[in-house]
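Below, chains carry the letters A, B, ... as their sequence lines are ordered, and counting in each starts from 1. The structure displayed is predicted, hence computed values, not measured ones.
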Protein chains: 2
Amino acid sequence: MADHSEEPLDPEQLAAYFAVMEVAGLLRHGVEEQLRDEGDLSFVQFQLLAVLGLDSPAGSRSMTELADRIVFSRSGLTYQAGLLEKAGLVSRAPAAHDERGVTVSITAEGRERLERVLPGHVDVVRSLFLSALPAQGSAALTELLAPVRDHMRSQPPRSRTPRRRRGSSRP
Amino acid sequence: MADHSEEPLDPEQLAAYFAVMEVAGLLRHGVEEQLRDEGDLSFVQFQLLAVLGLDSPAGSRSMTELADRIVFSRSGLTYQAGLLEKAGLVSRAPAAHDERGVTVSITAEGRERLERVLPGHVDVVRSLFLSALPAQGSAALTELLAPVRDHMRSQPPRSRTPRRRRGSSRP
DNA sequence: CGTTGATGCTTCGAATTCGAAACAACTATG
DNA sequence: CATAGTTGTTTCGAATTCGAAGCATCAACG
């Protein structure tokens with residue numbers, strides 16, 4: 001089990017790995033503070049509103065799409081969607097063609113809240129993150145990371161317990 | 001309060017921001033699974049052992065250094081350090097010159113555990129992250145992100161409640 | 001050396017997070 | 001259309017996380 005290639009990472013690769021994790025962590029903290037202070041939102045809640053409001057066809061997504069997009073557990077999403085719904089920022093309704101599914105939609109109030117925090121949010125991202133990037137830095141970053149993201153997304157879709165393999169494995 | 005520059009981020013910058021956050025999130029999930037399965041460690045615990053074992057002068061750091069480095073709350077660190085100590089992977093002792101401080105050191109057992117999970121950890125990072133980077137990708141990434149990290153680190157040191165400003169502000 | 005404020009860490013209670021198990025609706029198969 | 005397996009979501013209890021408040025020590029200053 002778990003046969004590992006003995007090769008350690010060279011320091012350069014380790015550094016890249018740690019840099020990504022650390023930058024994301026620091027950025028998240030900075031952003032969380034602003035969101036809490038100015039919009040009474042957690043980062044996850046903001047992400048949900050942002051994905052729904054800024055990057056969804058009709059302001060709607062299925063729970064699974066959201067969980068995979070925002071990157072965390074489905075059960076956690078159920079919880080947060082419940083909070084947002086209670087706050088009137090999103091609504092939930094059974095999915096169109098699949099009775100099991102739930103479609104989450106951002107409400108007008110949700111859009112308001114999003115608009116309210118966005119400027120400050122952008123400020124924080126700018127001052128913490130973008131200001132330390134060189135001229136074409138953000139483009140270069142995206143070019144490097146987008147394929148990585150896509151690659152990872154295509155892997156075991158995250159948040160999905162592989163409840164059992166299809167055919168193989170022992171009875 | 002909170003005067004915001006109205007300028008929105010251009011899409012390119014937004015994309016970079018989201019890409020970093022998403023890659024870090026996905027990578028963290030992947031890595032967490034492996035650490036849990038093969039080493040019975042949370043990601044935070046692994047980070048603590050890694051910083052102590054691989055990037056600390058004598059395998060020791062103060063609580064504050066660790067909290068700032070690993071990026072999370074001081075109280076959370078107290079909790080995790082407690083768990084690691086109970087598991088015998090680190091030890092805690094009052095700091096040398098400051099009676100208030102606590103110095104955390106990795107134990108032999110801690111190093112063992114670290115060695116045990118490292119190969120699998122490296123495999124995951126490689127297959128999830130590095131494999132999707134082009135040739136000089138990791139170097140380029142580090143070059144871009146290292147200044148960002150340093151910039152952020154120099155900001156309000158994280159995890160430090162600014163309990164009150166020095167002179168200014170109202171009484 | 002006493003006072004006042006700053007700093008390092010821990011305790012506390014509340015909120016969030018997770019994975020596993022439970023449910024329910026779908027889908028292929030026979 | 002009954003059956004068995006799959007998939008979308010929620011429930012559950014346990015573990016982790018947080019920020020605020022609390023404690024103890026340090027440092028500056030009179």
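- Only at 4.0 angstrom or more do the heavy atoms of residues 48-62 of chain A sit from any atom of DNA chain C, so none qualifies.
- A heavy atom closer than 4.0 Å to some atom of DNA chain D occurs in A:R92, A:R100, A:G101, A:V102, these being the qualifying members of residues 88-106 of chain A.
- Between the CZ atom of A:F43 and the C1' atom of D:dT17 there is a distance of 16 Å, rounded to whole Å.
- Checking side-chain atoms of B:S105 against main-chain N and O of B:S60 turns up no donor-acceptor pair under 3.5 Å.
- Taking the side chain of A:S75 as heavy atoms from C-beta on, and the options D:dC18, C:dG19, C:dT17, the nearest nucleotide is C:dG19.
- Side chain A:T64 to base D:dG8: no donor-acceptor pair is found below 3.5 Å.
- Classification of A:R28 and A:E32 as a salt-bridged pair holds, one side-chain N sitting under 4.0 Å from a carboxylate O.
- If you measure from atom CD of A:Q45 to atom P of C:dA15, you get 12 Å, rounded to the nearest angstrom.
- Across the protein-nucleic acid pair, B:F72 atom CZ and C:dT17 atom C1' stand 14 Å apart, rounded to whole Å.
- Residues satisfying the side chain to side chain contact (heavy atoms under 4.5 Å, CB included) criterion with B:E109, sequence neighbours excluded, are B:L89, B:T107.
- Using a distance-only test at 3.5 Å, with no hydrogens or angles considered, no donor-acceptor pair links the side chain of B:T103 to the main chain of B:S62.
- Both A:E32 and A:E65 sit near DNA chain D, but only A:E65 has its closest nucleotide nearer the 5' end.
- Atom NZ in B:K86 sits about 11 Å away from atom P in D:dA15, given to the nearest Å.
- Here the P atom of nucleotide C:dT17 and the NE2 atom of B:H29 are 10 Å apart, to the nearest Å.
- In this structure, the side chain of B:R74 does not engage the main chain of B:T64 through any donor-acceptor pair within 3.5 Å.
- A:I106 and A:L83 are members of different hydrophobic clusters when ILVMFWY side chains are connected at heavy-atom separations under 4.5 Å.
- Residues in residues 46-65 of chain A take part in these ring-ring contact (aromatic ring centres under 6.0 Å, His included) pairs, two or more places apart or across chains: A:F46-A:H121.
- For B:M63, counting side-chain heavy atoms from C-beta on, the closest listed nucleotide (D:dT16, D:dG19, C:dT10) is C:dT10.
- Pairs engaging residues 54-64 of chain A under the salt bridge (Lys or Arg N to Asp or Glu O under 4.0 Å) rule: A:D55-A:R69, A:R61-A:E65 [sequence neighbours left out].
- In terms of position along DNA chain C, the nucleotide closest to A:Y79 lies nearer the 5' end than the nucleotide closest to the other residue of the pair A:Y79 and B:R36.
- A side-chain donor-acceptor contact under 3.5 Å links A:H151 to the backbone of B:S127.
- With D:dC18, C:dT17, D:dT16 as the candidates, the nucleotide lying closest to the side chain of A:R28 is C:dT17.
- The nearest whole Å value for the distance from the CD atom in B:Q47 to the P atom in D:dT16 is 15 Å.
- Phosphate proximity of C:dT17 to A:R74: absent, as no side-chain N or O sits under 4.0 Å from OP1 or OP2.
- Counting any heavy atom pair closer than 4.0 Å across all strands shown, A:L66 reaches no nucleic acid atom.
- Grouping the Ile, Leu, Val, Met, Phe, Trp and Tyr side chains by contacts below 4.5 angstrom, directly or via other members, places A:L130 with A:L141.
- Phosphate proximity of D:dA15 to B:Q80: absent, as no side-chain N or O sits under 4.0 Å from OP1 or OP2.
- At distances below 3.5 Å, not a single donor-acceptor pair connects side-chain atoms of A:E22 with backbone N or O atoms of A:A19.
- Between its two ends, the helix from C:dC1-D:dG30 to C:dG30-D:dC1 turns its axis by 30°, counting five pairs per end and rounding to 10 degrees.
- In this structure, CG of A:L77 is placed 16 Å from C1' of D:dT7, rounded to the nearest angstrom.
- For the pair B:I70 CD1 and D:dT17 P, the interatomic distance rounds to 12 Å; values are reported in whole Å.
- The shortest distance between side-chain heavy atoms of A:S131 and B:V148 does not fall below 4.5 Å.
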